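The block underneath contains the structure these notes are about, expressed in structure tokens.
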Amino acid sequence: ILQILHFPDDRLRKIASPVKKMDDQIRQIADDMLETMYQAEGIGLAATQVNIHQRIIVIDVSEDRHQPLILINPELLEKSGETGIEEGCLSIPGEKAFIPRAKEITIQALNREGRSFRLSADDLLAICIQHEMDHLIGKLFVDYLSPFKRQRIQKKMEKLQKINEKKDK
Ligand SMILES: O=C(O)C[C@@H](Cc1ccccc1)[C@H](O)SCc1ccccc1
Ligand SMILES: [Zn+2]
């Protein structure tokens, strides 16, 4: 299980580098990320969130929680339409906000064997991919909100941090 960074940790703002070569080390990172995501009851996780600054995303939006998707070096090829839901984020626990997203997207990525594939997605899967791809460029859903709302969330998270630090001591 990997430790998930929490907003406003500056490391969440780093830009991830493309994976140079798909190898066992990258596969191990993806497996550790999947385990961390399932344990945290998320439906997606980006490497940035676990302080690994490479373009690796894991997703599982299935009901049975056994259809993991690994996206290496994802690129957005097309997007269309508009949709949105109240989004959460494992790096901003307890906060939710409606975020506008494209309804359909087509991406290209490498799979766990390092082979290039294209994926067209809509609804929750499309939203999740867009949310995770934002993480890889240091973007969080709070960045779509007004500065006032973002600041209010930052204050709440910093207070939570202090309470947790006291507990750990
Ligand atoms: O922090 C993350 O990247 C995990 C996100 C992924 C996500 C956020 C918003 C919309 C879709 C995916 C979530 O914490 S996963 C938790 C969750 C579960 C079901 C529906 C929405 C969010
Ligand atoms: Zn997130």
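Both ligands and their constituent atoms are indexed starting at 1 by order of listing. Quantities reported herein were computed from a predicted structural model and do not represent experimental measurements. Quick note: residue numbers are just sequence positions, from 1.
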**Report entry** Modelled atom types, side-chain donor and acceptor of Q39 and E35, under 3.5 Å
**Finding:**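 Result is no, nothing qualifies.
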Report task. Would you please say whether a donor-acceptor pair under 3.5 Å links the side chains of H131 and E87? Result ->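 Side chains of H131 and E87: pair found under 3.5 Å.
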Distance from [atom] to nearest protein heavy atom, with residue and atom:
{"atom": "atom 13 (C) of ligand 1", "value": "G88 O, 4.0 Å"}
{"atom": "atom 21 (C) of ligand 1", "value": "I43 CD1, 4.0 Å"}
{"atom": "atom 1 (O) of ligand 1", "value": "L90 N, 2.7 Å"}

Query raised in the report: How wide is the angle at the Zn ion (ligand 2) between NE2 of H135 and SG of C89, to the nearest 10°?
Result: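 Computed angle, vertex at the Zn ion (ligand 2), rounded to 10 degrees: 100°.
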Is there a nitrogen or oxygen of [X] sitting under 3.5 Å from a nitrogen or oxygen of ligand 1?
{"X": "I127", "value": "no"}
{"X": "S91", "value": "no"}
{"X": "E41", "value": "no"}

Query raised in the report: Can you list the steps and then say if L110 with R115 is a side-chain contact (heavy atoms from CB on, under 4.5 Å)?
Result: CA-CA 5 Å; L110 301 182; R115 282 184 49 72; over 6 Å; no
Query raised in the report: Of all N, O or S atoms in H131, which has the smallest distance to the Zn ion (ligand 2)?
Result: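 Nearest N/O/S atom: NE2.
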Query raised in the report: Can K139 be said to sit on top of Y144's aromatic six-ring, NZ or CZ under 6.0 Å from centre and within 45° of the ring axis?
Result: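 Ring-cation test returns yes.
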Report task. Would you mind checking if D10 and R13 are paired as a salt bridge, meaning a charged N to carboxylate O distance below 4.0 Å? Result ->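 Here R13 does not pair with D10 in a salt bridge, since their nearest N and O are not under 4.0 Å apart.
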Query raised in the report: Does the pair V50 and I4 meet the rule for a side-chain contact (heavy atoms from CB on, under 4.5 Å), with working shown?
Result: CA-CA 5 Å; V50 288; I4 295 177; 4.2 Å; yes
**Report entry** side chain to side chain contact (heavy atoms under 4.5 Å, CB included) partner of I57, the single match among I72, N73, L136
**Finding:**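 So the option named by the test is L136.
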Query raised in the report: More than 12 foreign heavy atoms under 6.0 Å from CD of E41: is that the case here?
Result: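 12 or below, so no.
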Query raised in the report: Between the candidates C128, G42, A40, G44, which shows the shortest non-hydrogen contact distance to atom 4 (C) of ligand 1?
Result: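 Selected option, by shortest heavy-atom distance: G44.
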**Report entry** Within reach of ligand 1, part of E132 (heavy-atom separation under 4.0 Å)
**Finding:**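 The side chain, only.
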**Report entry** Numbered atoms and elements of ligand 1 in range of C89, under 4.0 angstrom, heavy atoms
**Finding:**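 The atoms of ligand 1 under 4.0 Å from a heavy atom of C89 are 1 (O), 14 (O).
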Query raised in the report: Numbering the atoms of ligand 1 from 1, which are under 4.0 Å from a heavy atom of E87?
Result: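 That gives atoms 9 (C), 10 (C) of ligand 1.
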**Report entry** Q130 (side chain) donor-acceptor with A102 (main chain) under 3.5 angstrom
**Finding:**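 Answer holds: yes.
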Query - 4.0 Å heavy-atom contact, Q49 with ligand 1 - result: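 Yes; Q49 lies near enough to ligand 1 that a heavy-atom distance drops under 4.0 Å.
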